[in-house]
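Just so you know, these numbers come straight off a predicted model, no measurement behind them.
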Amino acid sequence: MSKETLEYHWGKHHRGYVDNLNKQIEGTELDELSLEDILLATHNNGDLLPPFNNAAQIWNHDFFWESMKPDGGGRPSGELLELINRDFGSFERFVDDIRLAAATQFGSGWAWLAYKANRLDVENAVNPNPSDEDKRLVVVKSPNAVNPLIWDYSPLLTIDVWEHAYYLDVQNRRADYISIFLEKLVSWEAVSSRLEIAKARAVEREEEEERRKREEEEKSSDGEVAEIYVDNKSDDSEAE
């Protein structure tokens, strides 16, 4: 990625999203929310509210920059590589899948590696892979500013396939840009760190769900005991 592309991409496009969002949310209740909460609230189950595109593009670009490092590329290691081999069959198959997702995203958008911990549709969007197989790595692509957070996935890696990400360097040869990103720029250390965070988040949510189930069961049991007690009192009164 050339200095010219970086300066134009970060200094013009990314900065423009920040300036526009600040204008849109100033003096509104959204002004008090985190960036992630803003994009989730304004996705509005696909009926996008005006701040969504700017909020999501800021989040996506922050994530994109942090997905790279100088002299990146190569192969991951440790648990990340183990899960890639488990869920895609091999690292080479994963590379083929994310290349295909990035190359075939029509128009503007993003290709993602994400950690899928949920099974069903989520409150704010339709899950693109609603199956019983959770706690797995998946490759997905998304149009425009959409990202996997709206499906309740945990993003681990992204490739920006908006033309402004590569046109100054390789013109319309998106495939060349994808190769450069995967072979020379991607930071597998960043991806591994995000995987650990995603797994910890999934465990916390499971524990919270179990706690809620126990509380509901306890409330239900208390209600049954109270009902039996009332019935017993009624029977005693009739006997008198």
Side-chain angles (χ1 to χ4, degrees), residues 6-68 101-102 105-130 134 138-165 187 190-191 193-206 208-209 212:
L6 180 60
E7 290 178 344
Y8 186 75
H9 194 172
W10 180 82
K12 299 287 186 180
H13 289 278
H14 191 172
R15 185 67 201 177
Y17 299 131
V18 173
D19 292 342
N20 289 335
L21 179 65
N22 286 335
K23 293 175 184 177
Q24 287 175 315
I25 67 173
E26 185 178 5
T28 73
E29 59 184 14
L30 294 175
D31 206 3
E32 303 298 321
L33 300 182
S34 69
L35 183 60
E36 182 173 328
D37 286 340
I38 292 172
L39 75 87
L40 290 173
T42 57
H43 180 262
N44 196 34
N45 202 30
D47 186 13
L48 305 182
L49 301 178
F52 174 78
N53 284 326
N54 286 309
Q57 283 292 76
I58 296 167
W59 195 99
N60 294 351
H61 280 85
D62 286 345
F63 193 84
F64 175 64
W65 303 128
E66 293 168 1
S67 295
M68 297 181 284
Q105 169 54 44
F106 182 75
S108 301
W110 304 79
W112 306 85
L113 172 66
Y115 183 70
K116 175 182 179 292
N118 61 306
R119 299 179 181 179
L120 305 176
D121 288 353
V122 295
E123 181 179 355
N124 200 37
V126 176
N127 182 341
N129 293 313
D134 59 355
V138 293
V139 166
V140 292
K141 56 185 177 180
S142 61
N144 300 318
V146 172
N147 74 40
L149 291 175
I150 66 165
W151 305 316
D152 201 29
Y153 291 7
S154 295
L156 304 179
L157 173 67
T158 193
I159 305 176
D160 184 351
V161 294
W162 285 64
E163 277 197 342
H164 61 242
S187 170
V191 179
S193 177
R194 291 163 176 169
L195 175 62
E196 291 303 312
I197 294 170
K199 289 173 55 187
R201 176 173 174 260
V203 169
E204 290 176 0
R205 294 180 64 173
E206 284 183 344
E208 178 64 20
E209 288 176 4
R212 289 177 181 175

**Asked** Is N144 reaching over with its side chain to a backbone N or O of N53, donor-acceptor style, under 3.5 angstrom?
**Response** no

Checking side-chain polar atoms at under 3.5 Å, does D31 have a donor or acceptor matched by the opposite partner on T28? no

**Item:** R194 vs S67, side chain to side chain contact (heavy atoms under 4.5 Å, CB included): CA-CA, chis, key distance, verdict
**Value:** CA-CA 10 Å; R194 291 163 176 169; S67 295; 2.9 Å; yes

Residue set satisfying side-chain hydrogen bond (donor to acceptor under 3.5 Å, both in side chains) with Q24, at least two apart, ordered chain then number -> N54

- Message: For the backbone of L149 and the side chain of N147, can you confirm whether one donor and one acceptor N or O come within less than 3.5 Å of each other?
- Response: yes

Report task. With side chain to side chain contact (heavy atoms under 4.5 Å, CB included) as the test, would you mind laying out the steps for W110 and I159 before giving the verdict? Result -> CA-CA 6 Å; W110 304 79; I159 305 176; over 6 Å; no

side-chain hydrogen bond (donor to acceptor under 3.5 Å, both in side chains) filter on D62, not counting sequence neighbours, yields H14

Checklist line | Close side-chain approach of I150 to L39, heavy-atom, < 4.5 Å | finding: yes

CD of E208 to CZ of R205, rounded to nearest 0.5 Å, is 10.0 Å

Of all heavy-atom pairs linking P51 and L30, the shortest is CG-CD1, 3.8 Å

- Item | Ring centers of W151, H43 separated by less than 6.0 Å | no

Side-chain heavy atoms of I58 within contact of L21, under 4.5 Å: yes

Checklist entry - F63 vs W112 aromatic rings, parallel, tilted or perpendicular, using cut-offs 30° and 60°? => result tilted

Checklist line | Chi angles and distances behind the side chain to side chain contact (heavy atoms under 4.5 Å, CB included) call for I38, I25 | finding: CA-CA 9 Å; I38 292 172; I25 67 173; 4.0 Å; yes

Rounded to the nearest 0.5 Å, the OG1 atom of T158 sits from the CD atom of E66 at a distance of 12.0 Å

Between N60 and D160, is the side chain to side chain contact (heavy atoms under 4.5 Å, CB included) condition met? List the steps. CA-CA 8 Å; N60 294 351; D160 184 351; over 6 Å; no

Has the side chain of N22 got a donor or acceptor atom that lies under 3.5 Å from a matching backbone atom of V18?
-> yes

OG of S142 to CD of Q105, rounded to nearest 0.5 Å, is 6.5 Å

message: Could you check whether any side-chain heavy atom of V140 comes within less than 4.5 Å of a side-chain heavy atom of P148, counting everything from C-beta outward?
response: yes

Taken to the nearest 0.5 Å, the spacing of Q57 CD from N20 CG works out to 11.5 Å

Note: A117 and A202 closest approach over all heavy atoms is CB-CB, 3.8 Å

Hits for side-chain hydrogen bond (donor to acceptor under 3.5 Å, both in side chains) against D19, two or more places apart or cross-chain, chain-then-number order -> R15

- Is the NZ or CZ atom of R201 both under 6.0 Å from the centre of the six-membered ring of Y115 and within 45° of that ring's axis? no

